[in-house]
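What follows is a set of notes on a single structure, which appears directly below.
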Amino acid sequence: MFEPFLINAWIAGTLVGIIAGVVGFFVVLRGDSFLAHAVPHGAFAGAAAAVLVGANPLLGLGVAATAGAMTISALGARARRDVATALGLVLMLGLGEFFLSRGDQYSSQVYALLFGQILGVSTIAIVPMVALGALCVLTVAVVYRPLLLGSVLPDMAAGHGVDTRYTSMAFALVLACATTMSVPIVGALLMFALLVGPAATARCFTRSPGRSIAVSVVLSVGAVWAAIALSVQTDWPIGFFVTAICAAMYIVGRLAGVLSSRRVGRAARERDQPLRTSHRYSTATP
């Protein structure tokens, strides 16, 4: 499991888990799960175009992810966000199909962008991952407060001088950067699962922003580690394990939240019971 050829997989998986946990917190908080689905899946059009002209697929992926995220964010500020996201997604997928049809054959590089190749990560590929991951974390740290306020209370944010349009654009850039970093490693499908599942689960256990981000990162990294280990042991696709683990942890989180709510409600009723009994006794006494 820890053979030399798998060391890069563990390193890359850890980096992806950290970034997905941090960015995913804001994806869930802002209700941008559809955007997190659209950008990784639609950005493969850029990779297909790059393969067609003989350029680096990673460069095409980055350009398409940035352009798609910025365009959807700009259109969503002026119209319904779900409509803008849907139209942006189908447009990018249509472009991807067009670029692929112009080539002689489907490139293995483009296929890897859709489904990932985490078990075959090279040492050279880790370098841009570290750079893009650091850029994501740095950007989130710079815009953390206005982004958090604009995500939770956009009306109050405007009253405090925060322009939610700029914070939305900044978050779109962060999502594009995370996509460019992660999709070549885990694929578009797994990136979407990691952006939503761990962060949504973390919200079931804590409402504190700092703790939610920390729990989200731990769960995301844990999901990637467990998926790699299970994939190596069983020779099953890693994508199956990532998505199954993310879904399972969310179900557990929701069940825990329901049980916790019931316990709180039961404790509140038991606490109020003596007061109601005392009130009935006092009103019945002449």
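- Rounding to the nearest 0.5 angstrom, the gap separating the CD1 atom in Ile213 from the OG1 atom in Thr206 is 11.0 Å.
- Met249 and Pro198 make their closest contact through SD-CA, 3.9 Å (heavy atoms, listed as atom of the first residue, atom of the second, distance).
- Closest approach of Ile228 to Ala9, counting heavy atoms only: CD1-O, 3.6 Å.
- In this structure the side chain of Asp32 never reaches within 4.5 angstrom of the side chain of Phe26, judged on heavy atoms.
- In this pair, Phe192 and His37 present their aromatic rings perpendicular. The plane angle is above 60°, beyond the 30 to 60° band.
- Using modelled atom types, no side-chain atom of Ser73 and backbone atom of Ala69 make a donor-acceptor pair closer than 3.5 Å.
- Looking only at side-chain heavy atoms (C-beta outward), Pro146 and Tyr166 stay at 4.5 Å or farther from each other.
- When all heavy atoms of Ala45 and Met92 are compared, the pair lying nearest together is CB-O, 3.1 Å.
- Nearest approach of Ala193 to Thr243, heavy atoms of both residues: CB-CG2, 4.1 Å.
- One finds the CG atom of Leu175 at 10.0 Å from the CZ atom of Arg30 (value rounded to the nearest 0.5 Å).
- Closest heavy-atom contact between Met191 and Ala178: CE-O, 3.8 Å.
- Between Phe25 and Leu148, the closest side-chain pair of non-hydrogen atoms falls below 4.5 Å.
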>> Let's go through Val137 and Val140 carefully: what are the C-alpha distance in whole Å and the side-chain angles of both, what is the deciding distance for side chain to side chain contact (heavy atoms under 4.5 Å, CB included) to 0.1 Å, and is it a yes or a no?
In response: CA-CA 5 Å; Val137 174; Val140 169; 5.8 Å; no
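- If you take OG1 on Thr71 and CG on Leu87, they are separated by 12.0 Å, rounding to the nearest 0.5 Å.
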>> Does Phe34 form a side chain to side chain contact (heavy atoms under 4.5 Å, CB included) with Leu89? I'd like the steps, not just the answer.
In response: CA-CA 9 Å; Phe34 194 13; Leu89 172 60; 4.2 Å; yes
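- Partner of Leu219 under the side-chain contact (heavy atoms from CB on, under 4.5 Å) criterion, out of Val215, Val221, Val217: Val215 alone.
- Of the possible donor and acceptor atoms, none in the side chain of Ser220 sits under 3.5 Å from a partner among the backbone N and O of Ser216.
- Taking every heavy atom of both residues into account, Ala226 and Ile245 meet most closely at CB-CD1, 3.7 Å.
- In this structure the side chain of Met181 never reaches within 4.5 angstrom of the side chain of Leu135, judged on heavy atoms.
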>> For Ile118 and Ile238: C-alpha separation, side-chain torsions, deciding distance, then whether side chain to side chain contact (heavy atoms under 4.5 Å, CB included) applies.
In response: CA-CA 8 Å; Ile118 191 170; Ile238 190 171; 3.3 Å; yes
>> Set out, in order, the CA-CA distance, both residues' side-chain angles and the distance that settles side chain to side chain contact (heavy atoms under 4.5 Å, CB included) for Asn8 and Ile126, then state yes or no.
In response: CA-CA 8 Å; Asn8 288 339; Ile126 294 179; 3.4 Å; yes
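- Partner of Leu195 under the side-chain contact (heavy atoms from CB on, under 4.5 Å) criterion, out of Ile19, Leu35, Val23: Val23 alone.
- Both Ile185 and Val232 are members of a single hydrophobic cluster when ILVMFWY side chains are connected at heavy-atom separations under 4.5 Å.
- Remark: the backbone N or O of Thr179 is not paired with any side-chain donor or acceptor of Ser182 at under 3.5 angstrom.
- Side-chain contact between Val16 and Met129 is present, with heavy atoms from C-beta onward closer than 4.5 Å.
- To the nearest 0.5 Å, atom CG of residue Leu173 and atom OG of residue Ser168 are 11.0 Å apart.
- Under the 4.5 Å side-chain heavy-atom criterion for ILVMFWY residues, no single connected hydrophobic cluster contains both Val28 and Val152.
- Ile7 and Val121 fall within the same hydrophobic cluster, defined by Ile, Leu, Val, Met, Phe, Trp and Tyr side-chain heavy atoms under 4.5 Å apart, directly or through other members.
- Both Val130 and Val224 belong to a common hydrophobic cluster when Ile, Leu, Val, Met, Phe, Trp and Tyr are linked at side-chain heavy-atom distances under 4.5 angstrom.
- With no hydrogens or angles considered, no side-chain donor-acceptor pair links Arg203 and Ser212 at under 3.5 Å.
- If you chain together hydrophobic residues whose side chains sit under 4.5 Å apart, Leu149 and Val27 fall into the same group.
- The backbone N or O of Pro237 lies less than 3.5 Å from no partner atom in the side chain of Ser231, so there is not a single donor-acceptor pair.
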